[in-house]
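Proteins come first, then strands; the chains are lettered A, B, ... in the order of their sequence lines, and each starts at number 1.
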Amino acid sequence: METGAIPLADVDGEFDLQATVESGQSYLWDRADGGMYDELNVHGGEEWYETVVPPLSGVTDERAVVRVRQTDGLLEWESTTDAVPILTHLLRLDDDLDAILEATPDDPLLERAYAAYPGMRLVRDPPFACLVSFICSAQMRVSRIHGMQLALAREFGDVVEMDGQAYHAFPTPEQLAARTEAELRELKLGYRAPYVQRTAEMVADGEAHPDEALGMAYEDARESLTRFVGVGDKVADCVLLFSLGYLEAVPLDTWIRTAIADYYPDCEQGGYATTSRAIREAFGGDYAGYTQTYVFHYLRAGRE
DNA sequence: TATCCAAGGTAAGTT
DNA sequence: AACTTACCTTGGATA
């Protein structure tokens, strides 16, 4: 096991581990004390969070176990390999958060949302796991989406050991494609079960891969992702924003649609694409996805 | 304790 | 292209 610490003084802008990992963007981390989504802002990120990272091109050649916690000014980590490039990638420590805030429009709601969780960053989840996570997110509560991903890893993923402890990797496309719809329904995926199975099959067979969207113009990339079963415009936007680095993507979920109705009625157009373009401008254009995630977390976790 | 309802939507069928 | 409807499951609200 390797250990280390990233001084947060080296990061451009603030960082809040708990807000980043428990804000409903990533469902691939688990809190070691089992208290995910409880008592937000009580532990402040000091608990250990852990995940198993698949090989990521340009980041890590092999699968790695990563544990991390935030303690005054440091991001402490334990891993099977050097976790600095991995954490920098997954938690977007390379973003200049101050510059992003600077580029955000002056607007009462947006200022309240950004002020509520200073240091919250977007994530860069591994693409396939992100795709599955958000297929599972349809009409689901945040805590249950998380539970589904843990169950998929526990039942169908490889066991990886570090320091005598067993961790469960998220299943590969092949591992999920090999399961039946009934097996996935046993994990309480409900009507999402065939979506996950068929999408995994598409990736395993080489018919399509979420990475293929990379490099495409934003709206073409969104359209491309909707080829997967169970993926409409909203889920496609989530994958673009939380995995593929399209920071202009604004997933139109129930909370954002409510915010549009309450605060930006002029942005309420007919279809998804038109409304999306309008709210993207109101949320700051190139970094609109950052704003979306702050507003989502502020409205949902604040319950008002 | 029983019932009801909505949860980070999508696919398939109509008009 | 816009509008309906069905869809699994369950934690929390309401009676």
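- Both A/F296 and A/G230 sit near DNA chain B, but only A/F296 has its closest nucleotide nearer the 5' end.
- Per the geometry, CD belonging to A/Q269 stands 15 Å off C1' belonging to C/dA1, to the nearest Å.
- Inter-residue side-chain proximity for A/V132 and A/Q149 is flagged as met; some heavy-atom pair is nearer than 4.5 Å.
- By the 4.0 Å N-to-carboxylate-O rule, A/R31 lies too far from A/D38 to be salt-bridged with it.
- The base of B/dG9 does not come close enough to the side chain of A/Y272 for any donor and acceptor atom to sit less than 3.5 Å apart.
- Nucleotide B/dG9 holds its P atom 13 Å from the CG atom of A/D233, rounded to whole Å.
- Nucleic acid contact for A/G24: base, since at least one base atom lies under 4.0 Å from a heavy atom of the residue.
- A straight line from CD of A/Q139 to P of C/dT9 spans 15 Å, rounded to a whole angstrom.
- With hydrogens and angles disregarded, a donor-acceptor distance shorter than 3.5 Å links the side chain of A/Q70 to the backbone of A/L17.
- The environment of OH in A/Y287 is sparse: at most 12 heavy-atom neighbours from other residues, nucleotides or ligands sit within 6.0 Å.
- Taking atom CD1 of A/I135 as the reference point, atom P of B/dG8 lies 17 Å away to the nearest angstrom.
- Atom CG in A/L131 sits roughly 15 Å away from atom C1' in B/dG8 (whole-Å rounding).
- Whole-Å rounding puts the A/E223 CD to C/dA1 C1' distance at 14 Å.
- Atom CE of A/M140 is separated from atom C1' of B/dC5 by 13 Å (rounded to the nearest Å).
- Classification of A/R222 and A/D237 as a salt-bridged pair holds, one side-chain N sitting under 4.0 Å from a carboxylate O.
- Of the P atoms belonging to C/dT5 and B/dA6, the separation is 16 Å, rounded to the nearest Å.
- Once the 5.5 Å centre distance and the 30° plane angle are applied, the aromatic ring of A/F134 is found not to be stacked with the base of B/dG8.
- C/dT4 and B/dG8: their P atoms are spaced 24 Å apart (whole Å).
- A donor-acceptor pair shorter than 3.5 Å cannot be found between the side chains of A/Y167 and A/T51.
- B/dT3 sits 22 Å from C/dC8 when the P atoms are compared, rounded to a whole Å.
- Applying a 4.0 Å cut-off to non-hydrogen atoms, the residues of residues 184-203 of chain A that approach DNA chain B are A/Y191, A/Y195, listed by residue number.
- Across residues 141-148 of chain A, A/R141, A/V142 each have a non-hydrogen atom less than 4.0 Å from an atom of DNA chain B (numbered order).
- Around the CG atom of A/D286, the shell of radius 6.0 Å holds no more than 12 heavy atoms that belong to other residues, nucleotides or ligands.
- Partner assigned to C/dT5 is B/dA11, using Watson-Crick or G-U wobble distances below 3.5 angstrom.
- A salt bridge does not link A/R154 with A/D30: every distance from a Lys NZ or Arg NE/NH1/NH2 to an Asp or Glu carboxylate oxygen is 4.0 Å or more.
- Using a 3.5 Å distance cut-off with no hydrogens or angles, the side chains of A/Y290 and A/D95 do pair a donor with an acceptor.
- Inspection of the A/S224 and A/E212 side chains reveals no N or O donor paired with an N or O acceptor under 3.5 Å.
- The separation between A/E181 atom CD and C/dC7 atom C1' is 11 Å, rounded to whole Å.
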